[in-house]
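Notes follow once the structure below has been shown.
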Amino acid sequence: MKLRLEQHIFLRSLCWQTSWSFARMQCLGLAYAIYPLLEKLYGKNSEQLARRIRRYLVCFNTNPYLAAAILGFLVHMESQGEEMGDQGLALSGSLAGLYGAVGDAFFWNGLKPMVCSVAVMIFFLKPGIWALVFLLVAYNIVHFGMRYTVYLHGLHRGIGVIETINSWHLPLLRNVMEFVTTASLAVTAFLLVDYFALRGPAASEVPFFLVLALIGWLGWQCKNSGGVQPRLPEVLPAGGLVVLLCLLFF
Amino acid sequence: MWLDFTSFIWLTAKVSLLGAFCALDRTAAFQVMLSRPLIAATLGGMLAGNLEIGLLLGVSLELYFLCEIPVGTNIPTDDTLLALAAGGSAAALSGLPANAMLDDKCLALIVLLTVLPWAAFTRKLDSWVRVRNARLIDEMETRLLACENASAINFHLYGILNFYGAAAVALGMMMVSSLLLVPLLLFLLPAWAQAWTGSLLLLFPVVGIVGLLCNMNQKRQLAVFAGVSILLLVF
């Protein structure tokens, strides 16, 4: 297969969720991305082409980044004929569930919180647009790097892409990212006191303790309510008290 | 105190029409994090003429909504629209001579109080777009039956129009409500309270920190959080 077609398919996959619907979720995105290959293979017979496209219009949902691995795998299978393409499609449903779980945990629960919390920490360290630059560059280097790599591996190794993703130890990486997230949140809590000028001229550490106490108390309430994030009206009395205490006495 | 009508319409249209492109990054295309509140609020502020207040709002909202994640068919609050509207409104209002002496943090807080009630609406709107997108599949299948393959496949891209249109209309509504309500709230806020009200903005990142910590492995992360806090105090 020519390199240009591979790249064309990958670029089309960037619009994976453009027509996301509750009915069949990402099915149109999958059909749209793989269309150049189907057109190349079956373009001479429009009825056969229409039939092949319809085969892709089944309910499909996965993580939009790791979807590139499934797309690469399907391109690999479809290139080997209609029968292999059907086998690939049959397998893709299982892969979608697997990569949905792995990808959501890694990207939404690991990478995104880490990069965003570090970006917020950078802002409180040095207010300015560097936080934005860091967020965009750090996230997209990892995201595009992984997205394109899994696509290429799926394309060339077929089902072997599972081994590739497994070899990256994503759950372990996620744990490491959680540590970085937590550390940056602690630094952010420390910097908040200075940014909101709660420390006063005496440079006392009491405001930081009060903010930590507020975080601890809200965390305790959050735990008791089954992990639901506290809402602002619930936080306002205690938070207002902490702010007033800091401003009046420290 | 109040915006003049022409600039009111112009700024709302500008933030709604241009900001809605940024909102597409959330689901419809690319997902390169242009839709994060930190970026979106800064963009909203920049479009309305005050990047700094947009940045302040962005950093306040960034952690606040971070623990809401789009797993499976769960639709979280559209923090992009809230951030764009807040950034745009705050920047527009900060440019008024009546607000020249007002603390940016105080203005940002009041703007957030007028924008946040739209959170539930953004979730419903997102659901509505996704229900509407199902029609595209029917249209596509009809075209495929007629063997009009090239035009059929492009129905996928019409989803962008649904996401864009909904985002632009919602942004317009949020901006208008905020631009009308904030001057009223500022009028009601006593002058002595304005000096310290801005410090309450601190509660947004604090709530975000709590939400994130609660979503992680609590025992392990609490130990890390406490350890880093002690280190910061010591050094």
Side-chain angles (χ1 to χ4, degrees), chain A residues 14-15 17-24 28-29 31-32 35 46-47 49-50 53-54 57 64 104 108-109 113 116-117 119-120 123 131-132 135-136 139-140 178-179 181-183 185-190 192 196 198 205 211-212 214-215 218-219 222-223 227 229-230 232 235 239-240 243 247, chain B residues 27-33 36 38-39 42 55 59 62-63 66-67 69-73 105 116 130-131 133-134 136-137 140-141 144-145 147 149 152-153 155-160 196 199-203 205-207 209-218 221 224-225 228-229 232-233:
Chain A
L14 297 180
C15 293
Q17 300 197 110
T18 298
S19 59
W20 201 104
S21 68
F22 288 116
R24 284 184 239 174
L28 286 193
Y32 176 79
Y35 179 73
S46 60
E47 276 183 26
L49 177 60
I53 296 170
R54 277 205 302 274
L57 298 183
D104 286 351
W108 304 148
N109 271 332
C116 292
S117 56
V120 169
F123 175 84
L132 278 74
L135 194 154
L136 289 175
Y139 188 88
N140 288 314
E178 277 194 352
F179 280 116
T181 306
T182 310
L185 291 179
V187 178
T188 301
F190 186 77
L192 279 175
F196 286 94
L198 297 183
E205 296 299 349
V211 169
L212 283 183
L214 179 66
I215 291 172
L218 292 174
C222 184
K223 194 185 167 195
Q229 185 181 6
L232 206 63
V235 176
V243 168
L247 291 175
Chain B
T27 305
F30 307 124
Q31 297 185 301
V32 293
M33 296 298 123
R36 290 308 306 158
L38 186 58
I39 313 281
T42 309
L55 199 52
V59 86
E62 184 59 60
L63 292 180
L66 199 50
C67 68
I69 45 174
V71 173
T73 55
K105 293 184 184 106
L116 282 182
R130 289 161 196 246
V131 169
N133 275 346
L136 297 174
I137 303 173
M140 189 175 179
E141 284 185 326
L144 284 174
L145 284 173
C147 290
N149 300 323
I153 208 75
F155 269 99
H156 170 65
L157 294 179
Y158 291 167
I160 283 186
W196 61 269
S199 299
L200 290 175
L201 198 63
L202 160 112
L203 296 180
V206 164
V207 171
I209 290 171
V210 172
L212 276 170
L213 288 175
C214 286
N215 272 353
M216 292 191 268
N217 182 328
Q218 287 183 8
Q221 300 312 322
V224 176
F225 191 85
V228 174
S229 300
L232 287 166
L233 281 170

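All values below were derived from every heavy atom in this structure, side-chain atoms included, with hydrogens, water molecules and symmetry-related copies excluded.
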- Query: How about B:Pro70 and A:Trp108: do any of their side-chain heavy atoms sit closer than 4.5 Å?
  - Reply: yes

- Task: Can you see which heavy atom on A:Ser46 is nearest to which on B:Asn149, and at what distance?
- Result: O-ND2, 3.1 Å

- Which heavy-atom pair separates B:Leu200 from A:Gly240 by the least distance, and what is that distance? CD2-CA, 3.6 Å

- Distance-minimising heavy-atom pair for A:Ala183 and B:Val224: N-CG1, 4.2 Å

- Item | Region of A:Val243 that comes under 4.5 Å of a non-hydrogen atom in chain B | side chain

- Message: How close do A:Leu136 and B:Val32 get, counting heavy atoms only, and between which atoms?
- Response: CD2-O, 3.5 Å

- Note on the structure: One option among B:Ser199, B:Ala134, B:Ala152, B:Ala29 has the most heavy-atom pairs under 4.5 Å with chain A, and it is B:Ser199

- From the list A:Ala23, A:Ala50, A:Ala31, the residue making the most non-hydrogen contacts under 4.5 Å with chain B is A:Ala50

- Task: Below 4.5 Å from any heavy atom of chain B, which atoms of A:Leu132 appear? Answer side chain, backbone, both or neither.
- Result: both

- Query: Nearest heavy-atom pair of A:Tyr32 and B:Ile153: which atoms, and what distance?
  - Reply: CD1-O, 3.6 Å

- Message: Heavy-atom pairs under 4.5 Å with chain A - which of B:Leu55, B:Thr42, B:Ile160, B:Val228 has more of them than the others?
- Response: B:Leu55

- Item | Point-to-point distance, once rounded to the nearest 0.5 Å, from CG of B:Leu144 to CD of A:Glu47 | 12.0 Å

- Query: chain B heavy atoms under 4.5 Å from A:Phe179: which part of the residue, side chain, backbone, both or neither?
  - Reply: both

- Message: For B:Leu232, which atoms come within 4.5 Å of any heavy atom of chain A: side chain, backbone, both, or neither?
- Response: both

- Message: Looking only at heavy atoms and a cut-off of under 4.5 Å, which of B:Leu213, B:Asn215, B:Val59 has the most pairs with chain A?
- Response: B:Val59

- Query: To the nearest 0.5 Å, how far apart are CG in A:Leu28 and CD1 in B:Ile137?
  - Reply: 5.0 Å

- Task: Can you see which heavy atom on B:Pro205 is nearest to which on A:Leu192, and at what distance?
- Result: CG-CD2, 3.8 Å

- Do the side chain of A:Ser21 and the main chain of B:Val131 share a donor and acceptor less than 3.5 angstrom apart? no

- Return yes when atom CZ of B:Phe30 has more than 12 non-hydrogen atoms of other residues, nucleotides or ligands closer than 6.0 Å, and no otherwise. no

- Message: Let's go through B:Leu63 and A:Thr188 carefully: what are the C-alpha distance in whole Å and the side-chain angles of both, what is the deciding distance for side chain to side chain contact (heavy atoms under 4.5 Å, CB included) to 0.1 Å, and is it a yes or a no?
- Response: CA-CA 10 Å; B:Leu63 292 180; A:Thr188 301; 4.3 Å; yes

- Measure distances from B:Met140 to the heavy atoms of chain A and classify the residue's part below 4.5 Å as side chain, backbone, both or neither. side chain

- Message: Heavy-atom pairs under 4.5 Å with chain B - which of A:Asp104, A:Thr181, A:Val211 has more of them than the others?
- Response: A:Asp104

- About how many Å separate CD of B:Gln31 and SG of A:Cys15, when rounded to the nearest 0.5 Å? 10.5 Å

- Task: Sequence neighbours left out, what passes side chain to side chain donor-acceptor pair (under 3.5 Å) with A:Thr182? Give chain and number order.
- Result: B:Gln221

- Item | Leading residue by heavy atom contact count with chain B [cutoff under 4.5 Å; candidates A:Phe190, A:Phe123, A:Trp20] | A:Trp20

- Just how far is it from atom CE of B:Met216 to atom CG of A:Leu185, taken to the nearest 0.5 Å? 5.5 Å

- Item | With sequence neighbours excluded, residues passing salt bridge (charged side-chain N to carboxylate O under 4.0 Å, His left out) with B:Glu141 | A:Arg24

- Item | Side-chain heavy atoms of B:Leu203 within contact of A:Leu214, under 4.5 Å | yes

- What part of A:Tyr35 lies closer than 4.5 angstrom to a heavy atom of chain B: side chain, backbone, both or neither? side chain

